[in-house]
Amino acid sequence: MKVNHAILHILDFDSAVTVMSQRELDLDSRQVKSFVSTHLRKARTSPDNRRAAFFETSAFAGELKGYLFGDREFIDLSQQVGEFLSGELSRADKVESTDVLVADFEDDDDVRWFAVLLLGSRQAFMHEVGREGGEVRNDIRRHFAILPNPSQKLTSFALVRASTMEVFYQDKGRKIAGEDRMLLPEGLLECAGGVSGKEAIEAVTRVVEQVAEDHGANTAVALARVKAAVAEAVEEDEELPPWDVVDAAFEDEPQIREAVRSQLTEEQVPERVPVERAQVERAQVRNHRIRTDTGITISFPAEMVANTDLIEFVNEPNGLISISLKNIGSIENR
């Protein structure tokens with residue numbers, strides 16, 4: 001990752017102090033660069049990111065294009081962002097001190113991004129050394145405006161891909177001037193929101209499991225089928241088409257297929273959801289894990305469920321289920 005520019009603005013509502021930095025962060029400092037890079041990388045790769053597109057009337061989109069084309073200075077634009085967020089957050093019913101990190105960076109794939117991260121401040125107790133009557137006295141003080149640790153997950157941030165102006169964001173609802181809203185997508189960016197790839201995958205698997213159970217089908221097989229179909233679809237063009245996935249997974253089971261499609265429509269799951277390949281490479285999607293009522297746990301690649309020469313689920317006449325693992329060359333204890 002290469003961080004081209006980064007700046008920090010302070011919105012300290014506890015002390016009623018707003019400080020807009022006039023200089024960028026010193027990225028030559030190892031600690032500063034590590035802190036900034038870690039938060040940017042976590043934001044860029046988060047599976048919870050929602051994707052959105054700017055409205056044609058978005059003022060921010062125009063300002064950002066001006067910066068990307070070299071017509072605006074980074075510090076000037078970042079200060080404008082900080083002033084807007086300060087004004088909005090100061091009107092919130094629950095006022096929270098927040099630092100605003102604005103950055104221009106290139107990710108590990110050399111893709112350029114513009115980022116706005118809200119670093120919610122927290123309180124912490126720290127030791128303090130002083131003198132009293134000529135003697136050293138150690139004390140405990142409560143300090144405000146402690147920044148989130150690099151390992152901590154941020155709840156509010158926005159990233160804009162410079163080449164396409166596509167928005168990736170996460171945010172939480174806030175009541176501002178008596179109105180419930182998402183500050184970043186609705187206020188600052190002015191963009192149409194969407195669901196994250198993770199949310200879409202979770203919706204599809206949840207619906208499939210419920211429908212399979214309602215129809216007396218084997219839920220383990222149904223879930224493994226749909227996970228394999230999800231992985232295959234995303235691998236091709238980094239897009240999840242839930243209806244196509246369901247059709248592929250239940251081609252020979254029309255009742256389950258139609259029931260799942262009906263439920264997805266009722267829940268207003270989009271017909272197309274962009275999903276990065278990295279998300280389906282995660283074990284939760286690539287693999288399927290089951291646990292029997294006898295205490296046995298089995299994990300297997302989802303696509304393997306279609307190959308009965310390797311694994312087979314059999315519904316026995318007595319209502320019980322048998323699982324056969326076949327053609328095993330060796331077993332490794334783990």
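The figures that follow rest on heavy atoms only: side chains count, while hydrogens, waters and symmetry mates do not. If you're wondering where the values come from, they're calculated on a predicted model, not measured in any experiment.
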To the closest 0.5 Å, what do you measure between [atom1] ([X]) and [atom2] ([Y])?
X	Y	atom1	atom2	result
Asp109	Met1	CG	CE	10.0 Å
Leu325	Leu310	CG	CG	9.5 Å
Asp293	Ile321	CG	CD1	8.5 Å
Ser262	Glu267	OG	CD	10.0 Å

pair [X]-[Y]: side-chain heavy atoms closer than 4.5 Å:
X	Y	answer
Trp113	Asn4	no
Val100	Leu118	yes
Met165	Leu68	yes
Leu183	Leu89	yes
Phe157	Phe168	no
Leu11	Ser97	no
Val207	Val269	no
Arg174	Ser156	yes

Looking at every non-hydrogen atom in both residues, tell me the closest pair between [X] and [Y] and how far apart they are.
X	Y	value
Ile328	Ser330	CG2-O, 3.3 Å
Leu159	Ala115	CD2-CB, 3.3 Å
Lys227	Ala302	CB-CB, 3.8 Å
Val3	Phe105	CA-CB, 4.0 Å
Leu189	Ala158	CD1-CB, 3.6 Å
Gln170	Ser46	NE2-OG, 2.7 Å

- Message: If hydrophobic residues (ILVMFWY) are linked whenever their side-chain heavy atoms come closer than 4.5 Å, directly or via other members, who joins Val136 in its cluster?
- Response: Val129

- Pairwise side chain to side chain donor-acceptor pair (under 3.5 Å) hits with a residue in residues 124-133, at least two apart: Glu128-Arg141, Glu132-Arg137

- Query: Does any pair with a residue in residues 16-27 pass side chain to side chain donor-acceptor pair (under 3.5 Å), and if so which ones, sequence neighbours excluded?
  - Reply: His5-Glu24

- Query: For the residue pair Tyr67 and Phe74, does the interplanar ring angle fall in the parallel (under 30°), tilted (30 to 60°) or perpendicular (over 60°) class?
  - Reply: tilted

Within one Ile-Leu-Val-Met-Phe-Trp-Tyr cluster: [X] and [Y], side-chain cutoff 4.5 Å:
X	Y	result
Met182	Phe84	no
Ile311	Val226	no
Phe55	Val160	no
Ile331	Met304	yes
Leu223	Val221	no

Take a 6.0 Å sphere around [atom1] of [X] and say whether it holds more than 12 heavy atoms from other residues, nucleotides or ligands.
X	atom1	answer
Arg289	CZ	no
Glu258	CD	yes
Asn333	CG	no
Gln152	CD	yes

Go through the structure and list residues passing salt bridge (Lys or Arg N to Asp or Glu O under 4.0 Å) with [X], not counting sequence neighbours.
X	answer
Asp93	none
Glu199	Arg50
Glu63	Arg72

- Query: Which pairs count as ring pair (Phe, Tyr, Trp, His ring centres under 6.0 Å) when at least one residue sits in residues 227-256, sequence neighbours excluded?
  - Reply: none

- Item | Sequence neighbours excluded - ring pair (Phe, Tyr, Trp, His ring centres under 6.0 Å) pairs with any residue from residues 294-334 | His288-Phe300

Please, which pairs that meet salt bridge (Lys or Arg N to Asp or Glu O under 4.0 Å) have at least one residue in [range], sequence neighbours excluded?
range	result
residues 207-217	none
residues 154-166	Arg51-Glu166, Arg161-Glu166
residues 295-321	Glu312-Lys326

Got a salt bridge between [X] and [Y], using NZ or NE/NH1/NH2 to carboxylate O under 4.0 Å?
X	Y	answer
Lys65	Asp71	no
Arg272	Asp244	yes
Arg286	Glu235	yes
Asp28	Lys33	no

- Knowing that exactly one of Thr205, Val275, Val245 qualifies, which makes a side chain to side chain contact (heavy atoms under 4.5 Å, CB included) with Val230? Val245

- Please list, chain by chain and in numerical order, all residues satisfying side-chain hydrogen bond (donor to acceptor under 3.5 Å, both in side chains) with Arg181, sequence neighbours excluded. Glu88

- Message: Could you go through Gln79 and Glu83, starting from their C-alpha distance and side-chain angles, then the distance that decides it, and tell me whether this counts as side-chain hydrogen bond (donor to acceptor under 3.5 Å, both in side chains)?
- Response: CA-CA 6 Å; Gln79 290 175 339; Glu83 293 288 358; over 6 Å; no

- Query: Passes salt bridge (Lys or Arg N to Asp or Glu O under 4.0 Å), Arg41 versus Asp108? Steps please.
  - Reply: CA-CA 9 Å; Arg41 181 173 285 106; Asp108 296 332; 3.4 Å; yes

